[in-house]
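First up is the structure itself, then whatever we jot down about it.
In what follows, residues are counted from 1 in the order of the sequence shown. Just so it is clear, the values below take in all heavy atoms, side chains as well, and ignore hydrogens, waters and symmetry mates.
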Amino acid sequence: METTAPTVEIEQRGEIGILTLQRPRALNALDLEMVEALAAALDRWEQDDSIRAVVLRGAGDRGFCAGGDVRGLYDTLIGDHPEQVEAFFRAEYALNARIAEYRHPIVAFADGITMGGGIGLAGHVSHRLVTERSMLAMPETRIGFTPDVGGSWLLGRAPGRIGEYLALTGNTVGPADAIEAGLADHHVPSERLEALLSDLAAGADVDGAIQAVATEPAPGTLTREREWIDGAFSQPTVAEIISALQGLPEDAARETAAHLESLPPTALAVTLEAVRRARKLPDLRAALDQEYGLVLWFGTTQPDLVEGIRAQLVDKDRSPRWDPAPGEELPADLLDQAFSFQPPTPLWS
């Protein structure tokens with residue numbers, strides 16, 4: 001009889017619980033089954049005093065988690081099943097909040113590709129580790145969407161205007177820049193992760209064990225680019241950000257302007273506002289609630305999300321037809337539409 005391998009491996013080793021995402025061929029992309037399995041394991045371990053900490057990691061050496069199952073989302077959207085979209089995001093966001101509020105320390109090995117939903121897992125734990133292979137991003141604007149899974153909360157608290165820069169561009173950062181942006185805490189060489197796991201299982205103090213294997217990552221770029229990033233991305237609107245970038249002498253700034261001009265105007269405008277509103281919200285749950293409304297607004301009222309997934313992951317022609325197109329004017333009440341949208345089912349019920 002054929003059996004299906006679990007998509008989340010759950011084990012207790014010594015004094016730690018280990019959760020391993022087991023979809024390496026899909027870069028451990030999250031689906032509802034995985035979200036529910038992670039939540040159930042955390043439920044069981046929360047009141048278990050034999051568990052001193054939890055380790056969250058991904059199978060394979062290419063990535064921790066590339067994000068949510070976006071192709072599955074596409075199929076659900078074109079199949080007109082909004083209730084399934086709601087169910088997935090409600091479960092995922094509840095897991096994000098649970099991770100942030102968990103009783104035991106959670107150590108995430110964000111080794112390799114860690115994007116979107118992967119940051120929703122690794123970005124909210126108590127101990128966030130990156131390696132020399134780590135590549136982190138919130139690339140949602142590139143598919144006509146907006147950072148979610150608490151991404152607006154994390155980016156809203158990044159130093160200076162790094163949050164707006166990463167949210168709008170969707171650019172990928174390495175370990176040093178991930179730490180600089182507040183998406184990670186420590187750099188641990190990938191070859192030391194197994195030794196760290198063994199030390200934690202043997203009862204080592206979590207902070208001490210991490211400090212013993214942590215090293216300085218190779219330098220990134222955000223620190224030296226902060227001046228032009230902060231200046232341009234503090235502008236009030238996307239159009240003014242692009243104009244400011246175009247007027248700067250740095251090649252990277254002008255390249256960033258050209259990149260933004262290719263992205264969907266709706267996603268950019270909503271994302272800029274979302275990050276700035278999240279900066280003023282009281283906690284992660286409030287940011288997730290804001291994101292939940294935006295997710296369903298995009299998914300049920302806007303064509304760009306389906307079109308962006310089609311162009312990137314379905315037909316793979318890399319030629320999305322945004323509506324409105326870049327350079328076209330947005331509705332004057334666009335932000336009011338997006339942020340006043342009320343989902344049929346509340347997130348926190």
Side-chain angles (χ1 to χ4, degrees), residues 5-30 34 38 41 45 51-67 99 102 104-139 154 166 171-223:
T7 52
V8 178
E9 182 182 82
I10 302 167
E11 61 175 313
Q12 182 172 350
R13 189 183 305 177
E15 298 188 10
I16 61 171
I18 305 173
L19 298 172
T20 307
L21 308 181
Q22 285 284 358
R23 293 184 71 198
R25 292 182 62 185
L27 292 175
N28 300 313
L30 285 175
M34 296 170 74
L38 292 167
W45 287 338
I51 297 287
R52 296 183 62 252
V54 174
V55 170
L56 184 56
R57 62 181 184 170
D61 58 7
R62 295 175 58 208
F64 164 66
C65 175
I99 285 171
Y102 202 59
H104 302 302
I106 302 179
V107 184
F109 293 177
D111 182 26
I113 294 171
T114 304
M115 298 182 178
I119 290 180
L121 298 179
H124 302 302
V125 304
S126 59
H127 297 74
R128 306 171 299 173
L129 310 186
V130 286
T131 75
E132 75 284 355
R133 302 186 294 208
S134 294
M135 295 179 285
L136 279 69
M138 297 297 297
L154 294 170
L166 293 178
N171 284 355
T172 300
V173 295
D177 286 339
I179 294 170
E180 171 71 13
L183 300 175
D185 303 309
H186 304 282
H187 172 262
V188 175
S190 57
E191 63 187 16
R192 299 186 183 182
L193 292 177
E194 281 302 320
L196 174 59
L197 197 67
S198 297
D199 289 343
L200 294 173
D205 172 73
V206 174
D207 291 308
I210 291 171
Q211 289 294 343
V213 295
T215 65
E216 285 295 318
T221 62
L222 286 181
T223 299

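Taking all atoms of both residues into account, the shortest heavy-atom contact from I51 to Q12 is CD1-CD, 3.4 Å. Taking all atoms of both residues into account, the shortest heavy-atom contact from A53 to V206 is CB-CG2, 3.9 Å. When all heavy atoms are compared, the tightest approach of R133 to D61 is NH1-CB, 3.7 Å. G63 and L27 get closest at one heavy-atom pair: N-CD2, 4.3 Å. A122 approaches F64 most closely through the heavy-atom pair CB-CE2, 3.7 Å. The two residues L166 and A181 come nearest to each other via the heavy atoms CD1-CB, 3.9 Å.
For the pair H104/I16, no side-chain contact is recorded, criterion being any heavy-atom separation below 4.5 Å from C-beta on. Side-chain contact check for V188 versus T215: every heavy-atom pair is 4.5 Å or farther apart. Under the 4.5 Å side-chain criterion, counting only non-hydrogen atoms from C-beta, L197 is in contact with R57. The closest side-chain heavy-atom distance from T114 to L183 is not below 4.5 Å.
If you take CG on L21 and CG on L30, they are separated by 6.0 Å, rounding to the nearest 0.5 Å. To the nearest 0.5 Å, the span separating CD on E132 from NE2 on H187 amounts to 5.5 Å. Taken to the nearest 0.5 Å, the CD1 atom of I179 stands 7.5 Å off from the CD atom of E216. Distance CG/L19 to CH2/W45: 4.0 Å, rounded to 0.5 Å. From L136, atom CG reaches atom CD1 of I113 across 10.5 Å, with rounding to the nearest 0.5 Å. Summarising the geometry, atom CD belonging to E11 is positioned 6.0 Å from atom OG1 belonging to T20; distances are rounded to the nearest 0.5 Å.
Side chain of Q22 to backbone of A59: no donor-acceptor contact under 3.5 angstrom is found. Judged by distance alone, with hydrogens and angles left aside, the side-chain atoms of E191 form no donor-acceptor pair with the main-chain N or O of L193 at under 3.5 Å. Put simply, the side chain of R23 never gets that close to the backbone of T7: no donor and acceptor are under 3.5 Å apart. With hydrogens and angles disregarded, no donor-acceptor distance shorter than 3.5 Å links the side chain of H186 to the backbone of I210.
The environment of CZ in R52 is crowded: more than 12 heavy-atom neighbours from other residues, nucleotides or ligands sit within 6.0 Å.
Looking only at atom types and distance, the side chain of T131 has a donor-acceptor partner in the side chain of D111 under 3.5 Å away.
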| Trace of the side chain to side chain contact (heavy atoms under 4.5 Å, CB included) decision for L200 with R13 | CA-CA 9 Å; L200 294 173; R13 189 183 305 177; over 6 Å; no

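Each of I10, V8, V54 was evaluated against L38; a single residue qualifies, V8, per the side chain to side chain contact (heavy atoms under 4.5 Å, CB included) test. Only one option out of M138, H124, R128 pairs with I119 in a side chain to side chain contact (heavy atoms under 4.5 Å, CB included); it is M138.
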